[in-house]
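Presented below is the structure to which this report refers.
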Amino acid sequence: MHIVAIGGSDAGISAALRARELDPSVDVTVVVADSYPNYSICGIPYYFSGDVQPWQSLAHRTHADLEATGMTLRLDTLATRIDAGARRLNVQDASGESSLSYDELIVGTGALPAFAGIRGLDSLGPDDGVHVIHSIGDTFALERHLDERDPKTALIIGAGYVGLEMAEGFTGRGIHVTQLQRGTEVLSTLDPELAGAVHTELVRHGVEVHTGTTVHAVEKTDAGVTVHAERGGAPITFTVDLVLAVVGVRPNTTLLEQAGATLGAGGAVMVDEHMRTGIPNVFAAGDGVITHHRLLGTTYLPLGTTAHKQGRVAGENAIGGSARFAGSVGTQVVKVFDVVAARTGLREHEAAAAGYLPSTTQSVADDHKRYYPGAQPISIRITGDTESGLLLGAQLVGRLGTETAKRVDTYATALFAGLTVAQVSDLDLSYTPPLGSPWDAVQAATQAWSRAHTAAAVPA
Ligand SMILES: Cc1cc2nc3c(=O)[nH]c(=O)nc-3n(C[C@H](O)[C@H](O)[C@H](O)COP(=O)(O)OP(=O)(O)OC[C@H]3O[C@@H](n4cnc5c(N)ncnc54)[C@H](O)[C@@H]3O)c2cc1C
(Lines give C-alpha, C1' and ligand atoms only; values in the text may rest on other atoms or scores of the structure.)
Protein backbone atom coordinates (compact mmCIF):
# COMPACT_ATOMS: atom_id res chain seq x y z
CA MET A 1 0.00 0.00 0.00
CA HIS A 2 1.27 3.45 -0.86
CA ILE A 3 0.01 6.53 0.96
CA VAL A 4 0.93 9.98 -0.28
CA ALA A 5 0.58 12.96 2.03
CA ILE A 6 0.83 16.49 0.62
CA GLY A 7 2.19 19.09 3.03
CA GLY A 8 5.06 19.00 5.48
CA SER A 9 3.51 20.88 8.37
CA ASP A 10 1.25 19.84 11.25
CA ALA A 11 -1.44 17.99 9.28
CA GLY A 12 0.64 16.24 6.61
CA ILE A 13 3.38 15.04 8.96
CA SER A 14 0.92 13.97 11.67
CA ALA A 15 -0.91 11.88 9.09
CA ALA A 16 2.30 10.28 7.81
CA LEU A 17 3.57 9.53 11.31
CA ARG A 18 0.29 7.92 12.36
CA ALA A 19 0.09 5.72 9.28
CA ARG A 20 3.66 4.49 9.77
CA GLU A 21 3.13 4.03 13.51
CA LEU A 22 0.07 1.83 13.00
CA ASP A 23 1.40 -0.12 10.06
CA PRO A 24 5.15 -0.04 9.43
CA SER A 25 4.64 -2.07 6.26
CA VAL A 26 2.84 0.83 4.56
CA ASP A 27 4.86 2.99 2.17
CA VAL A 28 4.35 6.65 2.98
CA THR A 29 5.61 9.50 0.80
CA VAL A 30 5.30 13.10 1.96
CA VAL A 31 5.38 15.76 -0.77
CA VAL A 32 6.50 19.13 0.58
CA ALA A 33 6.69 22.36 -1.42
CA ASP A 34 9.69 23.69 0.54
CA SER A 35 12.77 22.28 2.29
CA TYR A 36 11.45 22.56 5.86
CA PRO A 37 9.32 19.60 6.91
CA ASN A 38 7.80 19.52 10.39
CA TYR A 39 8.85 23.03 11.46
CA SER A 40 6.80 24.69 14.19
CA ILE A 41 5.52 27.82 12.51
CA CYS A 42 3.82 28.63 15.83
CA GLY A 43 7.32 29.22 17.18
CA ILE A 44 8.38 31.79 14.57
CA PRO A 45 7.55 34.84 16.75
CA TYR A 46 9.93 33.49 19.42
CA TYR A 47 12.70 33.22 16.89
CA PHE A 48 12.31 36.94 16.20
CA SER A 49 12.12 37.79 19.90
CA GLY A 50 15.41 35.91 20.35
CA ASP A 51 13.91 33.45 22.85
CA VAL A 52 14.49 30.58 20.40
CA GLN A 53 17.74 30.33 18.49
CA PRO A 54 18.93 29.08 16.05
CA TRP A 55 16.07 28.71 13.59
CA GLN A 56 16.75 24.97 13.25
CA SER A 57 15.52 24.45 16.81
CA LEU A 58 12.01 25.29 15.58
CA ALA A 59 11.86 21.82 14.05
CA HIS A 60 9.43 19.50 15.87
CA ARG A 61 11.56 16.69 14.40
CA THR A 62 14.66 16.78 12.26
CA HIS A 63 14.79 15.48 8.71
CA ALA A 64 16.70 12.45 10.06
CA ASP A 65 14.07 11.83 12.77
CA LEU A 66 11.36 11.80 10.13
CA GLU A 67 13.24 9.48 7.81
CA ALA A 68 13.94 7.18 10.75
CA THR A 69 10.19 6.53 10.95
CA GLY A 70 10.41 5.02 7.48
CA MET A 71 8.56 7.73 5.57
CA THR A 72 9.97 9.10 2.31
CA LEU A 73 10.25 12.87 2.07
CA ARG A 74 10.00 14.56 -1.33
CA LEU A 75 11.15 18.08 -0.46
CA ASP A 76 11.06 21.14 -2.75
CA THR A 77 8.33 19.33 -4.64
CA LEU A 78 5.06 21.00 -5.52
CA ALA A 79 1.92 18.91 -5.95
CA THR A 80 0.22 20.35 -9.01
CA ARG A 81 -2.79 18.15 -9.80
CA ILE A 82 -4.78 15.27 -8.37
CA ASP A 83 -6.12 12.72 -10.84
CA ALA A 84 -8.52 10.96 -8.50
CA GLY A 85 -9.79 8.56 -11.18
CA ALA A 86 -6.30 7.22 -11.91
CA ARG A 87 -5.13 7.71 -8.30
CA ARG A 88 -2.13 9.71 -9.42
CA LEU A 89 -0.65 12.93 -8.14
CA ASN A 90 1.24 15.23 -10.50
CA VAL A 91 4.28 16.84 -8.93
CA GLN A 92 6.89 19.35 -10.04
CA ASP A 93 10.44 19.55 -8.74
CA ALA A 94 13.79 20.81 -10.02
CA SER A 95 13.97 17.96 -12.49
CA GLY A 96 10.55 18.73 -13.99
CA GLU A 97 7.05 17.24 -13.96
CA SER A 98 6.32 13.68 -12.93
CA SER A 99 3.54 11.78 -11.22
CA LEU A 100 3.16 9.52 -8.21
CA SER A 101 0.60 6.77 -7.90
CA TYR A 102 -1.19 6.36 -4.59
CA ASP A 103 -3.67 4.07 -2.94
CA GLU A 104 -4.80 6.77 -0.51
CA LEU A 105 -4.01 10.47 -0.62
CA ILE A 106 -3.99 12.89 2.33
CA VAL A 107 -4.02 16.60 1.52
CA GLY A 108 -2.53 18.89 4.16
CA THR A 109 -1.79 21.99 2.12
CA GLY A 110 -2.84 24.29 4.96
CA ALA A 111 -3.53 27.96 4.54
CA LEU A 112 -2.00 31.03 2.97
CA PRO A 113 -1.81 34.56 4.36
CA ALA A 114 -4.95 36.60 3.64
CA PHE A 115 -4.73 40.16 2.31
CA ALA A 116 -8.22 41.34 3.37
CA GLY A 117 -8.62 43.42 0.20
CA ILE A 118 -5.74 45.74 1.16
CA ARG A 119 -4.30 47.21 -2.05
CA GLY A 120 -0.61 46.60 -2.55
CA LEU A 121 -0.30 43.52 -0.35
CA ASP A 122 -0.61 41.17 -3.32
CA SER A 123 2.02 43.00 -5.41
CA LEU A 124 4.59 44.20 -2.82
CA GLY A 125 6.97 41.81 -1.09
CA PRO A 126 10.01 41.52 1.14
CA ASP A 127 12.22 43.56 -1.25
CA ASP A 128 9.75 46.42 -0.84
CA GLY A 129 9.76 46.05 2.94
CA VAL A 130 6.35 44.34 3.04
CA HIS A 131 6.17 40.97 4.79
CA VAL A 132 3.81 38.19 5.77
CA ILE A 133 4.69 35.41 8.19
CA HIS A 134 3.47 31.91 7.54
CA SER A 135 6.45 29.77 6.57
CA ILE A 136 10.14 29.31 7.24
CA GLY A 137 10.74 31.05 3.87
CA ASP A 138 8.84 34.11 5.14
CA THR A 139 10.95 33.92 8.31
CA PHE A 140 14.20 34.03 6.35
CA ALA A 141 12.97 36.97 4.25
CA LEU A 142 12.06 38.96 7.34
CA GLU A 143 15.27 38.04 9.14
CA ARG A 144 17.29 39.17 6.11
CA HIS A 145 15.48 42.50 6.16
CA LEU A 146 16.22 42.99 9.85
CA ASP A 147 19.89 42.02 9.44
CA GLU A 148 20.64 43.93 6.25
CA ARG A 149 18.49 47.06 6.59
CA ASP A 150 18.28 47.47 10.35
CA PRO A 151 14.75 48.93 10.39
CA LYS A 152 13.95 51.27 13.25
CA THR A 153 10.19 51.28 12.75
CA ALA A 154 7.69 48.57 11.90
CA LEU A 155 3.97 48.66 11.36
CA ILE A 156 1.90 45.55 11.98
CA ILE A 157 -1.47 45.38 10.25
CA GLY A 158 -3.65 43.28 12.55
CA ALA A 159 -3.69 42.68 16.29
CA GLY A 160 -4.73 39.04 16.41
CA TYR A 161 -2.62 36.30 17.99
CA VAL A 162 0.22 36.35 15.48
CA GLY A 163 0.29 40.15 15.17
CA LEU A 164 0.53 40.52 18.94
CA GLU A 165 3.29 37.92 19.24
CA MET A 166 5.24 39.65 16.49
CA ALA A 167 4.77 43.06 18.20
CA GLU A 168 6.54 41.56 21.19
CA GLY A 169 9.24 40.05 18.96
CA PHE A 170 10.00 43.33 17.16
CA THR A 171 9.91 45.37 20.38
CA GLY A 172 12.41 42.98 21.92
CA ARG A 173 14.75 43.78 19.04
CA GLY A 174 14.53 47.53 19.69
CA ILE A 175 12.18 48.27 16.79
CA HIS A 176 9.40 50.81 17.39
CA VAL A 177 6.10 49.09 16.59
CA THR A 178 2.89 50.69 15.40
CA GLN A 179 -0.01 48.23 15.50
CA LEU A 180 -3.22 48.85 13.57
CA GLN A 181 -6.46 47.07 14.34
CA ARG A 182 -9.72 47.48 12.45
CA GLY A 183 -11.93 46.54 15.41
CA THR A 184 -12.55 48.58 18.52
CA GLU A 185 -10.06 46.57 20.59
CA VAL A 186 -7.01 44.39 20.01
CA LEU A 187 -7.42 40.60 20.06
CA SER A 188 -10.94 40.62 18.70
CA THR A 189 -11.39 36.94 19.57
CA LEU A 190 -11.89 38.05 23.21
CA ASP A 191 -14.50 40.38 24.68
CA PRO A 192 -13.14 43.93 24.84
CA GLU A 193 -13.58 43.94 28.63
CA LEU A 194 -10.64 41.48 28.80
CA ALA A 195 -8.76 42.34 25.61
CA GLY A 196 -8.29 45.85 27.04
CA ALA A 197 -5.69 44.37 29.42
CA VAL A 198 -3.69 43.17 26.39
CA HIS A 199 -3.92 46.67 24.87
CA THR A 200 -2.61 48.18 28.12
CA GLU A 201 0.27 45.70 28.14
CA LEU A 202 1.25 46.61 24.57
CA VAL A 203 1.25 50.32 25.41
CA ARG A 204 3.23 49.64 28.60
CA HIS A 205 5.95 48.14 26.40
CA GLY A 206 5.99 51.07 24.00
CA VAL A 207 3.81 49.68 21.19
CA GLU A 208 1.77 52.42 19.52
CA VAL A 209 -1.70 50.91 19.16
CA HIS A 210 -4.37 52.33 16.85
CA THR A 211 -7.74 50.59 17.11
CA GLY A 212 -10.75 51.38 14.92
CA THR A 213 -8.27 51.88 12.07
CA THR A 214 -8.96 50.26 8.71
CA VAL A 215 -6.06 49.89 6.28
CA HIS A 216 -6.92 50.37 2.60
CA ALA A 217 -3.56 50.35 0.84
CA VAL A 218 0.16 49.81 1.29
CA GLU A 219 2.59 51.59 -0.99
CA LYS A 220 6.38 51.65 -1.45
CA THR A 221 7.68 55.22 -1.15
CA ASP A 222 11.08 56.93 -1.05
CA ALA A 223 10.80 57.19 2.73
CA GLY A 224 10.00 53.50 3.20
CA VAL A 225 6.54 51.94 3.16
CA THR A 226 3.44 54.09 3.47
CA VAL A 227 0.23 52.66 4.87
CA HIS A 228 -3.02 54.40 3.99
CA ALA A 229 -5.78 53.91 6.53
CA GLU A 230 -8.97 55.44 7.84
CA ARG A 231 -9.94 56.13 11.41
CA GLY A 232 -13.28 57.58 12.47
CA GLY A 233 -14.05 58.47 8.83
CA ALA A 234 -10.81 60.48 8.42
CA PRO A 235 -7.79 59.36 6.39
CA ILE A 236 -4.59 58.65 8.28
CA THR A 237 -1.20 57.59 6.89
CA PHE A 238 1.86 56.03 8.47
CA THR A 239 5.32 55.78 6.92
CA VAL A 240 7.63 53.15 8.36
CA ASP A 241 10.70 51.08 7.47
CA LEU A 242 8.86 47.74 7.44
CA VAL A 243 5.29 46.49 7.24
CA LEU A 244 4.09 43.10 8.46
CA ALA A 245 0.59 42.10 7.39
CA VAL A 246 -1.12 39.56 9.64
CA VAL A 247 -4.79 39.85 8.85
CA GLY A 248 -5.72 36.18 8.92
CA VAL A 249 -5.40 33.21 6.60
CA ARG A 250 -7.33 31.73 3.71
CA PRO A 251 -7.54 27.97 3.19
CA ASN A 252 -5.26 26.70 0.42
CA THR A 253 -7.79 24.62 -1.47
CA THR A 254 -6.71 24.83 -5.13
CA LEU A 255 -5.66 21.19 -5.55
CA LEU A 256 -8.78 19.79 -3.93
CA GLU A 257 -11.13 22.20 -5.66
CA GLN A 258 -9.71 21.16 -9.03
CA ALA A 259 -10.28 17.54 -8.02
CA GLY A 260 -13.95 18.26 -7.32
CA ALA A 261 -14.08 18.86 -3.54
CA THR A 262 -16.92 20.87 -2.02
CA LEU A 263 -16.15 24.04 -0.10
CA GLY A 264 -17.79 24.94 3.20
CA ALA A 265 -17.28 27.34 6.12
CA GLY A 266 -14.63 29.99 5.46
CA GLY A 267 -14.08 28.67 1.93
CA ALA A 268 -12.40 25.56 3.39
CA VAL A 269 -12.83 22.05 2.00
CA MET A 270 -15.70 20.04 3.43
CA VAL A 271 -14.63 16.87 5.21
CA ASP A 272 -16.53 14.45 7.41
CA GLU A 273 -15.38 13.56 10.92
CA HIS A 274 -13.19 10.81 9.42
CA MET A 275 -11.45 13.53 7.35
CA ARG A 276 -12.81 12.15 4.07
CA THR A 277 -13.29 14.74 1.34
CA GLY A 278 -15.92 12.81 -0.61
CA ILE A 279 -13.40 12.32 -3.43
CA PRO A 280 -12.61 8.58 -3.56
CA ASN A 281 -9.41 7.72 -1.65
CA VAL A 282 -8.71 11.36 -0.77
CA PHE A 283 -8.55 12.59 2.83
CA ALA A 284 -7.71 16.13 3.95
CA ALA A 285 -6.76 17.74 7.24
CA GLY A 286 -5.52 20.97 8.76
CA ASP A 287 -5.96 24.63 7.85
CA GLY A 288 -7.36 23.81 4.42
CA VAL A 289 -10.48 22.11 5.75
CA ILE A 290 -13.53 23.01 7.78
CA THR A 291 -13.48 22.42 11.53
CA HIS A 292 -15.99 20.23 13.33
CA HIS A 293 -16.88 22.15 16.48
CA ARG A 294 -18.63 20.50 19.40
CA LEU A 295 -20.88 23.51 20.05
CA LEU A 296 -21.25 24.99 16.58
CA GLY A 297 -21.37 22.04 14.21
CA THR A 298 -19.02 23.07 11.43
CA THR A 299 -16.96 26.24 11.27
CA TYR A 300 -13.49 27.32 10.11
CA LEU A 301 -11.02 27.59 12.97
CA PRO A 302 -7.46 27.03 11.70
CA LEU A 303 -5.20 26.09 14.60
CA GLY A 304 -2.10 23.96 15.02
CA THR A 305 -3.70 21.84 17.74
CA THR A 306 -6.57 20.95 15.42
CA ALA A 307 -4.30 20.29 12.42
CA HIS A 308 -2.29 17.77 14.46
CA LYS A 309 -5.43 15.90 15.56
CA GLN A 310 -7.10 15.94 12.16
CA GLY A 311 -3.89 14.75 10.48
CA ARG A 312 -3.63 11.85 12.90
CA VAL A 313 -7.21 10.84 12.15
CA ALA A 314 -6.60 11.06 8.40
CA GLY A 315 -3.42 8.97 8.68
CA GLU A 316 -5.19 6.26 10.66
CA ASN A 317 -8.17 6.13 8.30
CA ALA A 318 -6.00 6.12 5.18
CA ILE A 319 -4.73 2.71 6.22
CA GLY A 320 -8.26 1.42 6.81
CA GLY A 321 -9.01 2.69 10.32
CA SER A 322 -12.19 4.32 11.55
CA ALA A 323 -10.85 7.14 13.71
CA ARG A 324 -13.02 10.19 14.23
CA PHE A 325 -12.04 13.81 14.87
CA ALA A 326 -13.93 14.44 18.10
CA GLY A 327 -14.31 18.15 17.45
CA SER A 328 -12.79 21.41 18.56
CA VAL A 329 -14.13 23.70 21.27
CA GLY A 330 -12.01 26.58 20.00
CA THR A 331 -9.42 26.69 22.78
CA GLN A 332 -6.74 29.31 22.18
CA VAL A 333 -4.11 31.10 24.23
CA VAL A 334 -1.59 33.85 23.58
CA LYS A 335 1.24 35.42 25.56
CA VAL A 336 1.71 39.15 24.98
CA PHE A 337 4.75 40.37 26.94
CA ASP A 338 3.77 39.51 30.55
CA VAL A 339 0.07 38.98 29.95
CA VAL A 340 -1.65 35.73 28.98
CA ALA A 341 -5.06 35.81 27.29
CA ALA A 342 -7.08 32.67 26.64
CA ARG A 343 -10.48 31.53 25.57
CA THR A 344 -12.43 28.38 24.93
CA GLY A 345 -15.95 27.75 23.70
CA LEU A 346 -18.24 30.56 22.65
CA ARG A 347 -18.57 34.22 23.48
CA GLU A 348 -22.05 35.53 24.18
CA HIS A 349 -22.84 36.79 20.65
CA GLU A 350 -21.53 33.57 19.11
CA ALA A 351 -23.64 31.46 21.46
CA ALA A 352 -26.74 33.55 20.75
CA ALA A 353 -26.19 33.14 17.01
CA ALA A 354 -25.95 29.38 17.56
CA GLY A 355 -29.38 29.33 19.24
CA TYR A 356 -28.41 29.30 22.93
CA LEU A 357 -29.77 31.71 25.57
CA PRO A 358 -26.40 32.89 26.84
CA SER A 359 -25.39 35.25 29.56
CA THR A 360 -21.89 36.25 30.67
CA THR A 361 -20.54 37.09 34.11
CA GLN A 362 -17.10 38.56 34.75
CA SER A 363 -15.24 38.09 38.01
CA VAL A 364 -11.70 38.30 39.37
CA ALA A 365 -9.95 35.74 41.54
CA ASP A 366 -6.38 35.32 42.77
CA ASP A 367 -4.26 32.60 41.20
CA HIS A 368 -3.32 31.34 44.68
CA LYS A 369 -3.94 32.21 48.33
CA ARG A 370 -3.31 35.88 48.89
CA TYR A 371 -1.29 35.31 52.07
CA TYR A 372 1.31 33.36 50.09
CA PRO A 373 3.70 35.78 48.30
CA GLY A 374 3.17 36.63 44.66
CA ALA A 375 -0.59 36.16 44.33
CA GLN A 376 -1.96 37.77 41.17
CA PRO A 377 -5.51 38.30 39.92
CA ILE A 378 -7.02 36.47 36.94
CA SER A 379 -10.01 38.08 35.25
CA ILE A 380 -12.47 35.50 33.99
CA ARG A 381 -15.64 35.80 31.92
CA ILE A 382 -17.96 32.81 32.00
CA THR A 383 -20.67 32.38 29.40
CA GLY A 384 -23.41 29.92 30.24
CA ASP A 385 -26.81 28.99 28.90
CA THR A 386 -29.48 30.54 31.13
CA GLU A 387 -31.99 27.83 30.21
CA SER A 388 -29.98 24.64 30.68
CA GLY A 389 -27.14 25.95 32.85
CA LEU A 390 -24.64 24.50 30.36
CA LEU A 391 -21.18 26.00 30.27
CA LEU A 392 -20.77 27.62 26.83
CA GLY A 393 -17.46 29.44 27.07
CA ALA A 394 -14.75 31.00 29.19
CA GLN A 395 -12.29 33.83 28.63
CA LEU A 396 -9.36 34.58 30.91
CA VAL A 397 -6.64 37.18 31.25
CA GLY A 398 -3.87 36.95 33.82
CA ARG A 399 -0.20 37.76 34.25
CA LEU A 400 2.45 35.33 33.09
CA GLY A 401 2.87 32.73 35.86
CA THR A 402 -0.81 32.62 36.83
CA GLU A 403 -1.33 29.31 34.98
CA THR A 404 -4.00 30.99 32.89
CA ALA A 405 -3.34 28.61 29.96
CA LYS A 406 -3.85 25.54 32.09
CA ARG A 407 -6.93 27.04 33.73
CA VAL A 408 -8.55 27.60 30.33
CA ASP A 409 -7.88 23.92 29.69
CA THR A 410 -10.06 23.00 32.67
CA TYR A 411 -12.94 24.87 31.04
CA ALA A 412 -12.09 23.26 27.68
CA THR A 413 -12.33 19.84 29.32
CA ALA A 414 -15.66 20.77 30.88
CA LEU A 415 -16.98 21.96 27.51
CA PHE A 416 -15.83 18.75 25.86
CA ALA A 417 -17.68 16.76 28.50
CA GLY A 418 -20.82 18.93 28.24
CA LEU A 419 -20.78 20.02 31.90
CA THR A 420 -23.03 22.69 33.34
CA VAL A 421 -21.49 25.79 34.93
CA ALA A 422 -22.54 24.43 38.34
CA GLN A 423 -20.83 21.11 37.68
CA VAL A 424 -17.54 22.93 37.09
CA SER A 425 -17.89 24.28 40.64
CA ASP A 426 -18.17 20.66 41.80
CA LEU A 427 -14.93 19.47 40.15
CA ASP A 428 -12.26 18.13 42.47
CA LEU A 429 -9.44 20.51 41.56
CA SER A 430 -6.05 20.59 43.26
CA TYR A 431 -5.14 22.97 46.08
CA THR A 432 -2.12 24.09 48.04
CA PRO A 433 -1.74 27.75 49.09
CA PRO A 434 1.29 28.63 46.86
CA LEU A 435 -0.53 27.27 43.79
CA GLY A 436 -4.27 27.70 44.25
CA SER A 437 -7.19 28.12 46.61
CA PRO A 438 -9.72 25.69 48.08
CA TRP A 439 -12.08 27.07 45.45
CA ASP A 440 -9.79 27.50 42.47
CA ALA A 441 -10.05 30.70 40.39
CA VAL A 442 -11.76 28.49 37.77
CA GLN A 443 -14.52 27.74 40.28
CA ALA A 444 -14.71 31.20 41.82
CA ALA A 445 -15.71 32.33 38.32
CA THR A 446 -18.31 29.62 37.77
CA GLN A 447 -19.76 30.33 41.20
CA ALA A 448 -20.01 34.02 40.29
CA TRP A 449 -21.95 33.03 37.17
CA SER A 450 -24.23 30.76 39.18
CA ARG A 451 -24.92 33.49 41.75
CA ALA A 452 -25.97 35.79 38.94
CA HIS A 453 -28.21 33.11 37.40
CA THR A 454 -29.60 31.27 40.39
CA ALA A 455 -32.41 29.43 38.61
CA ALA A 456 -30.05 28.08 35.96
CA ALA A 457 -27.48 27.06 38.55
CA VAL A 458 -29.30 23.90 39.56
CA PRO A 459 -28.64 21.09 37.05
CA ALA A 460 -31.74 19.30 35.85
C1 LIG B 1 3.29 32.78 13.27
C2 LIG B 1 2.22 31.76 13.58
C3 LIG B 1 1.98 31.41 14.89
C4 LIG B 1 1.00 30.45 15.19
N5 LIG B 1 0.80 30.12 16.50
C6 LIG B 1 -0.10 29.16 16.79
C7 LIG B 1 -0.27 28.75 18.14
O8 LIG B 1 0.38 29.26 19.06
N9 LIG B 1 -1.18 27.77 18.40
C10 LIG B 1 -1.91 27.17 17.41
O11 LIG B 1 -2.71 26.26 17.70
N12 LIG B 1 -1.76 27.54 16.12
C13 LIG B 1 -0.88 28.51 15.79
N14 LIG B 1 -0.70 28.89 14.48
C15 LIG B 1 -1.48 28.20 13.44
C16 LIG B 1 -0.82 26.89 13.05
O17 LIG B 1 0.52 27.11 12.76
C18 LIG B 1 -1.54 26.29 11.86
O19 LIG B 1 -2.88 26.05 12.23
C20 LIG B 1 -0.90 24.99 11.40
O21 LIG B 1 0.43 25.19 10.99
C22 LIG B 1 -1.68 24.37 10.24
O23 LIG B 1 -1.00 23.25 9.79
P24 LIG B 1 -1.28 22.64 8.36
O25 LIG B 1 -0.44 21.41 8.25
O26 LIG B 1 -2.73 22.50 8.14
O27 LIG B 1 -0.85 23.73 7.29
P28 LIG B 1 0.38 24.71 7.06
O29 LIG B 1 1.16 24.91 8.32
O30 LIG B 1 -0.16 25.88 6.35
O31 LIG B 1 1.33 23.89 6.09
C32 LIG B 1 1.00 23.56 4.78
C33 LIG B 1 2.07 22.66 4.22
O34 LIG B 1 1.71 22.28 2.91
C35 LIG B 1 2.77 22.55 2.00
N36 LIG B 1 2.14 22.77 0.71
C37 LIG B 1 1.17 23.67 0.39
N38 LIG B 1 0.81 23.51 -0.90
C39 LIG B 1 1.56 22.50 -1.38
C40 LIG B 1 1.64 21.86 -2.65
N41 LIG B 1 0.85 22.21 -3.67
N42 LIG B 1 2.53 20.85 -2.81
C43 LIG B 1 3.33 20.46 -1.78
N44 LIG B 1 3.28 21.02 -0.56
C45 LIG B 1 2.41 22.02 -0.38
C46 LIG B 1 3.49 23.73 2.62
O47 LIG B 1 4.80 23.85 2.12
C48 LIG B 1 3.45 23.32 4.10
O49 LIG B 1 4.44 22.36 4.37
C50 LIG B 1 0.25 29.85 14.15
C51 LIG B 1 0.49 30.23 12.82
C52 LIG B 1 1.46 31.18 12.54
C53 LIG B 1 1.69 31.57 11.09
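For ligands, and for the atoms within them, numbers begin at 1 and follow the listed sequence. Residues: numbered from 1 along the sequence shown.
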Atom indices of ligand 1 within 4.0 angstrom of G286 heavy atoms, with elements
26 (O)

Counting each atom of ligand 1 from 1 as listed, which ones have a heavy atom of T109 under 4.0 Å away?
32 (C), 34 (O), 37 (C), 38 (N), 39 (C)

Atom OG of S9 and atom CG of N38: how far apart are they, to the nearest 0.5 Å?
7.5 Å

Distance under 4.0 Å to a non-hydrogen atom of V31: what atoms of ligand 1 satisfy this?
43 (C), 44 (N)

Can you list the atoms of ligand 1 that are under 4.0 Å from a heavy atom of G108?
32 (C), 33 (C), 34 (O)

Give yes or no for whether the N/O distance cutoff of 3.5 Å, strictly under, is met between A111 and ligand 1.
yes

Given 3.5 Å as the limit, does a donor-acceptor pair link the side chain of Q362 with the main chain of R381, or not?
no

Mark up the atoms of ligand 1 that fall under 4.0 Å of a heavy atom belonging to L78, in ascending order.
40 (C), 41 (N), 42 (N)

For D65, does its backbone N or O pair with a side-chain atom of R61 as donor and acceptor, under 3.5 Å?
no

Scan F48, Y46, Y36 and name whichever one has a ring-ring contact (aromatic ring centres under 6.0 Å, His included) with W55.
Y36

Contact atoms of ligand 1, heavy-atom distance to N252 under 4.0 Å:
37 (C), 38 (N)

Atom 43 (C) of ligand 1 protein-contacted, heavy-atom criterion under 4.0 angstrom:
yes

Determine whether D367 and Q376 satisfy the following criterion, side-chain hydrogen bond (donor to acceptor under 3.5 Å, both in side chains), listing intermediate values before the conclusion.
CA-CA 6 Å; D367 67 325; Q376 306 231 49; over 6 Å; no

Report yes if some heavy atom in the side chain of I106 is under 4.5 Å from a heavy atom in the side chain of I3; otherwise report no.
yes

When you measure from the side chain of R294 to the backbone N and O of F416, does any donor-acceptor pair fall under 3.5 Å?
yes

Option with minimal heavy-atom separation from atom 25 (O) of ligand 1, where the choices are P45, A33, A11:
A11

If we only count N/O pairs under 3.5 Å, is I44 in contact with ligand 1?
no

Between I41 and ligand 1, find which residue part has any heavy-atom pair under 4.0 Å and reply side chain, backbone, both or neither.
both

Going by heavy atoms, is T77 under 4.0 Å from ligand 1?
yes

If you draw the axis of the six-membered ring of F115, does the NZ or CZ of R250 fall within 45° of it and under 6.0 Å from the ring centre?
yes

Please could you name the atoms of ligand 1 that G110 approaches to less than 4.0 Å, counting only its heavy atoms?
26 (O), 27 (O), 28 (P), 30 (O), 32 (C)

A quick test of your reading: do over 12 heavy atoms of other residues, nucleotides or ligands sit less than 6.0 Å from CZ of R204?
yes

Contacting atoms of ligand 1, where contact means under 4.0 angstrom from a heavy atom of A307
22 (C), 23 (O), 26 (O)

Tested for side chain to side chain contact (heavy atoms under 4.5 Å, CB included) against L180, the lone hit among T211, V227, V209 is V227

Which is closest to atom 16 (C) of ligand 1 in terms of heavy atoms, G311, G304, G160?
G304

